[in-house]
**Student:** 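Supplied in structure tokens, the structure appears directly below.
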Amino acid sequence: TNTTGWDYLWTAQTEIIMHTNMNSREWKKEVKAKQRPVFPSSYHLSPRRERNTRGAINLTNCKYESVRRAARRYGLREATEGEDWALFWTDCSVSLDRVRDMKRYQKINHFPGMSEICRKDSLARNMNRMLKLFPKDYNIFPRTWCLPADYSDFQAYTRAKKHKTFICKPDMGCQGKGIFITKSSKDIQPGEHTICQVYISK
């Protein structure tokens with residue numbers, strides 16, 4: 001399986017943090033010493049293979065300079081095309097075949113089917129389905145509509161709950177772009193592909 005890997009797995013925007021066996025105290029010592037990440041001893045790679053692969057990241061499908069800056073900051077070397085790698089950072093979804101072809105020591109930042117929970121529209125639809133099946137267990141999120149499909153239901157709700165506030169998000173947006181808050185359903189056009197939720201204030 002591909003469940004074993006580096007001792008760290010990164011979070012890309014501000015820093016790259018690898019994970020499995022290193023606790024927080026050891027991690028802080030590692031960062032302070034500015035040492036490069038190493039493979040766990042259980043891999044039993046040959047010395048030459050380990051030297052060539054250790055710290056190599058494939059960014060051929062990544063357009064974000066922030067990821068490259070974070071990789072350089074933590075001593076990761078960008079692998080050339082066709083070169084073996086230990087980390088693969090991609091902006092796109094990955095196929096099951098790609099994951100099946102991965103070696104034991106390789107890590108990737110996506111997994112097949114993750115759009116079902118990472119895209120706002122897919123997540124909203126799945127959560128609403130689970131709420132219908134298990135209303136007691138899934139009554140954990142605010143009332144949510146996938147527009148335009150749920151527009152008539154949304155309109156009926158706004159007529160009954162006239163003083164509610166709503167937060168609206170583009171169904172495929174990211175980084176906070178296009179999000180707005182409104183008290184009026186007139187601000188939401190019928191044909192817009194939007195995820196609309198009852199707004200929960202602090």
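Since the model is a prediction, treat every value here as computed from it, not as a measurement.
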**Student:** Could you walk me through whether T194 and D171 pass the side-chain contact (heavy atoms from CB on, under 4.5 Å) check?
**Tutor:** CA-CA 5 Å; T194 303; D171 59 359; over 6 Å; no
**Student:** Evaluate the side-chain proximity of I140 to M127: yes if any heavy-atom separation is below 4.5 Å, no if none is.
**Tutor:** yes
**Student:** With no hydrogens and no angle check, is any side-chain donor or acceptor of H193 less than 3.5 Å from a backbone partner on P170?
**Tutor:** no
**Student:** Are any non-hydrogen side-chain atoms of V67 and L59 less than 4.5 angstrom apart?
**Tutor:** yes
**Student:** Under the criterion side-chain contact (heavy atoms from CB on, under 4.5 Å), I'd like the reasoning laid out for D97 against R100: C-alpha separation, chi angles, the key distance, then a yes or no.
**Tutor:** CA-CA 5 Å; D97 289 338; R100 283 174 175 168; 3.9 Å; yes
**Student:** For atom OH of Y138, decide whether the heavy atoms of other residues, nucleotides or ligands shown that lie under 6.0 angstrom number more than 12.
**Tutor:** no
**Student:** Identify the two heavy atoms, one from C146 and one from I195, that lie closest to each other, and give their separation to 0.1 Å.
**Tutor:** SG-CD1, 3.8 Å
**Student:** Could you report the tightest heavy-atom contact between E65 and R72, atom names first, then the distance?
**Tutor:** OE2-NH2, 3.1 Å
**Student:** Can any side-chain N or O of T158 pair as donor or acceptor with the backbone N or O of Q155 at less than 3.5 Å?
**Tutor:** yes
**Student:** Quick one: closest heavy-atom pair of W85 and N58, and the distance?
**Tutor:** CD1-ND2, 3.6 Å
**Student:** Under 3.5 Å, is there a donor-acceptor pair between the side chain of T80 and the main chain of E83?
**Tutor:** no
**Student:** Show the nearest heavy-atom pair for residues D91 and K63, with the distance to one decimal.
**Tutor:** OD2-N, 2.7 Å
**Student:** Indicate yes or no: at least one non-hydrogen side-chain atom of S122 is less than 4.5 angstrom from one of I117.
**Tutor:** no
**Student:** Using the rule that Ile, Leu, Val, Met, Phe, Trp and Tyr join whenever any side-chain heavy atoms are under 4.5 Å apart, tell me whether V198 and F154 fall into a single cluster.
**Tutor:** yes
**Student:** Check A56 against D84 and note the closest heavy-atom contact, atom names and distance.
**Tutor:** CB-O, 3.9 Å
**Student:** Determine whether P112 and V94 make a side-chain contact, defined as any pair of heavy atoms from C-beta on separated by less than 4.5 Å.
**Tutor:** yes
**Student:** Between R143 and D153 (salt bridge meaning N to carboxylate O under 4.0 Å), is one present in this structure?
**Tutor:** yes
**Student:** Would N128 and F141 count as a side-chain contact (heavy atoms from CB on, under 4.5 Å) if you check the C-alpha gap in whole Å, the side-chain angles of each, and the deciding distance to 0.1 Å?
**Tutor:** CA-CA 9 Å; N128 281 332; F141 63 100; 3.6 Å; yes
**Student:** Show your reasoning for whether side-chain contact (heavy atoms from CB on, under 4.5 Å) applies to E116 and N126.
**Tutor:** CA-CA 8 Å; E116 291 298 317; N126 289 327; 3.1 Å; yes
**Student:** So which heavy atom on F88 is nearest to which on N61, and how close?
**Tutor:** CZ-ND2, 3.7 Å
**Student:** Kindly say whether the aromatic ring centers of Y157 and W145 come within a distance under 6.0 Å.
**Tutor:** yes
**Student:** Report yes if the side chains of R68 and C62 come closer than 4.5 Å at any heavy-atom pair, otherwise no.
**Tutor:** yes
**Student:** Using side-chain heavy atoms (C-beta onward) and a distance below 4.5 Å, is R125 in contact with R129?
**Tutor:** yes
**Student:** Determine whether a donor-acceptor pair (N or O, by modelled atom type, separation under 3.5 Å) exists between the side chain of T182 and the backbone of F180.
**Tutor:** no
**Student:** Hey, does P148 have a side-chain heavy atom less than 4.5 Å from the side chain of E192?
**Tutor:** no
